Amino acid sequence: MLKIQILENVYLNKNLAIKPDYLIHPTVSGNKFRKLKYNLEKAQSKNVKGLLTFGGAYSNHIAATAAAGKELNMPTVGVIRGEELETHVENNPTLKYARDCGMHLEFVERSIYKNKTDPGYLQQLMQNYKRYFIIPEGGTNELAIKGCEEILTIKDQSFDIICCSVGTGGTIAGLINASLPTQKIIGFPALKGDFLKEDICKFVKQNNWELWGDYHFGGYAKVDSKLINFMNDFKLRYNIPLDPVYTAKMMYGIFEGISSGKIPQTAKVLAIHTGGLQGIEGMNLRLKRKKLEEII
Ligand SMILES: *Cc1c(COP(=O)(O)O)cnc(C)c1O
């Protein structure tokens with residue numbers, strides 16, 4: 001089992017706190033730890049040969065799975081979206097890190113990667129990786145949601161609003177399930193698309209939640225100078241780093257919600273810092289190439 005460190009919420013002011021879940025483990029960060037926890041337990045109890053999962057070029061989930069595998073001495077396979085990346089691993093901090101952790105990277109064409117949940121394709125993969133435990137892209141499944149339900153503690157029941165960023169929806173589903181009906185959960189999708197709401201509904205038992213869809217900044221892993229400036233100001237002011245793909249977009253949305261009054265001044269707000277900091281290095285390489293301001 002991986003050990004977790006529990007940390008107190010950090011207050012930015014009287015009514016706004018951050019849960020520093022990005023610090024729960026040195027290498028398996030934030031919500032990716034929560035999502036892996038019960039999957040790893042199950043894999044270990046079944047005595048599988050290793051873990052196999054899916055992700056893109058900068059995936060936090062790939063990095064976390066590779067790190068967890070290394071710690072648990074369990075072989076890992078990462079099926080990576082995009083064949084062209086195979087010759088660029090050295091220039092991609094996420095993939096390089098995963099490989100250095102011992103993960104075997106299998107690069108597949110985008111048209112094939114699309115089949116990542118297709119039972120026929122998975123069976124075909126399993127021919128090469130017999131007795132490997134498959135974890136879906138982004139790590140979201142029932143066990144992941146169970147792990148995310150543990151993000152909230154009894155003490156967090158004093159908050160009126162709980163905020164998180166949303167990718168596949170697994171994390172917010174766990175938060176919704178663990179919240180009081182009187183609390184409101186607000187999710188900030190990091191990508192465009194209306195499919196999320198339905199995906200989340202499949203996993204939750206309450207309707208005390210909403211998605212604020214205006215803070216994706218153009219799409220998944222897209223950023224602009226406004227967001228980068230916001231992140232850098234935030235870091236200087238509070239000494240808390242944000243990641244460019246998820247938590248910066250959430251925080252930006254929360255600040256705007258508070259200043260516009262959409263979030264009442266008197267509401268007690270808890271923002272979950274889900275991690276993702278490993279993505280900063282890769283993002284900075286891309287920003288540098290485009291001669292744009294980098295993340296500090
Ligand atoms: C993956 C990730 C998310 C999104 O989690 P989902 O469960 O896929 O919605 C949010 N924040 C960070 C930092 C992540 O790495």
Side-chain angles (χ1 to χ4, degrees), residues 18-25 27-39 53-68 93-94 97-98 116-117 135-152 162-178 185-193 195-204 209-213 215-217 219-221 223 227 231 240-254 271-283 295:
I18 288 197
K19 181 175 288 294
D21 238 39
Y22 67 108
L23 296 172
I24 55 176
H25 188 277
T27 54
V28 190
S29 169
N31 69 337
K32 298 305 182 281
F33 183 109
R34 304 288 188 174
K35 296 171 90 170
L36 280 171
K37 179 180 166 187
Y38 289 107
N39 278 295
T53 194
F54 302 83
Y58 301 97
S59 166
N60 294 328
H61 170 65
I62 287 288
T65 306
T94 302
Y97 173 77
K116 64 206 174 214
T117 58
I135 302 174
E137 183 186 48
T140 292
N141 56 18
E142 297 272 353
L143 291 173
I145 290 164
K146 183 177 165 194
C148 290
E149 289 171 7
E150 296 175 355
I151 293 173
L152 294 180
I162 295 161
C163 299
C164 73
S165 40
V166 177
T168 60
T171 304
I172 194 172
L175 294 173
I176 294 164
N177 288 342
I185 316 297
I186 303 175
F188 294 84
L191 63 170
K192 287 192 240 178
F195 53 94
L196 273 169
K197 204 157 183 176
E198 277 170 44
D199 288 354
I200 295 166
C201 279
K202 277 185 237 154
F203 290 110
V204 299
W209 57 281
E210 47 191 65
L211 297 180
W212 287 15
Y215 296 98
H216 54 66
F217 285 79
Y220 188 69
V223 298
L227 186 71
M231 293 174 71
I240 296 175
L242 298 171
D243 87 291
V245 180
Y246 292 103
T247 53
K249 295 178 178 180
M250 165 193 71
M251 229 41 237
Y252 192 101
I254 293 172
I272 312 295
H273 193 319
T274 40
L277 301 182
Q278 70 85 29
I280 291 176
E281 200 184 339
M283 181 62 79
I295 301 160

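Ligands are counted one by one from 1 in listed order, and the atoms in each one are counted from 1 as well. None of these values were measured; they are calculated from a predicted model. This chain uses plain numbering: 1 for the first residue, then up along the sequence.
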Cation over ring face, Lys197 and Trp209, 6.0 Å, 45°: yes

Close-contact set for ligand 1 against Lys35 heavy atoms, below 4.0 Å: 5 (O), 6 (P), 7 (O), 8 (O)

Under 3.5 Å donor-acceptor, Asn141 side chain and Ala144 backbone: yes

Separation of Asn177 CG from Glu149 CD (nearest 0.5 Å): 4.5 Å

Numbering as shown, the atoms of ligand 1 that approach Val166 to under 4.0 Å (heavy-atom distance): 9 (O)

Plane angle bin for His25 and Phe33 - parallel if under 30°, tilted between 30 and 60°, otherwise perpendicular: tilted

Ligand 1 contacted by Gly275 (non-hydrogen, < 4.0 Å): yes

Per-atom contacts of ligand 1 with Gly169, taking only distances under 4.0 Å to non-hydrogen atoms: 6 (P), 8 (O), 9 (O)

Sub-3.5 Å N/O-N/O distance, Thr247 and ligand 1: no

Close N or O approach (Thr274, ligand 1; < 3.5 Å): yes

Residue Gly276 vicinity, atoms of ligand 1 by number, heavy atom under 4.0 Å: 13 (C)

Distance-only N or O hit between ligand 1 and Gly138, under 3.5 Å: no

Aromatic plane relationship, Phe217 with Tyr252 - under 30° parallel, 30 to 60° tilted, over 60° perpendicular: perpendicular

Shortest reach to atom 5 (O) of ligand 1 by a heavy atom, considering only Ile200, Asn60, Asn31, Asp243: Asn31

Mode of Lys32 contact toward ligand 1 - side chain, backbone, both, neither (heavy atoms, under 4.0 Å): side chain

Atoms in ligand 1 flagged as close to Gly170, the criterion being non-hydrogen separation under 4.0 Å: 6 (P), 7 (O), 9 (O)

Nearest heavy-atom neighbours spanning Tyr246 and Ser165: CB-OG, 3.4 Å

Cation-pi, Phe54 ring and Lys116 (6.0 angstrom, 45 degrees): no

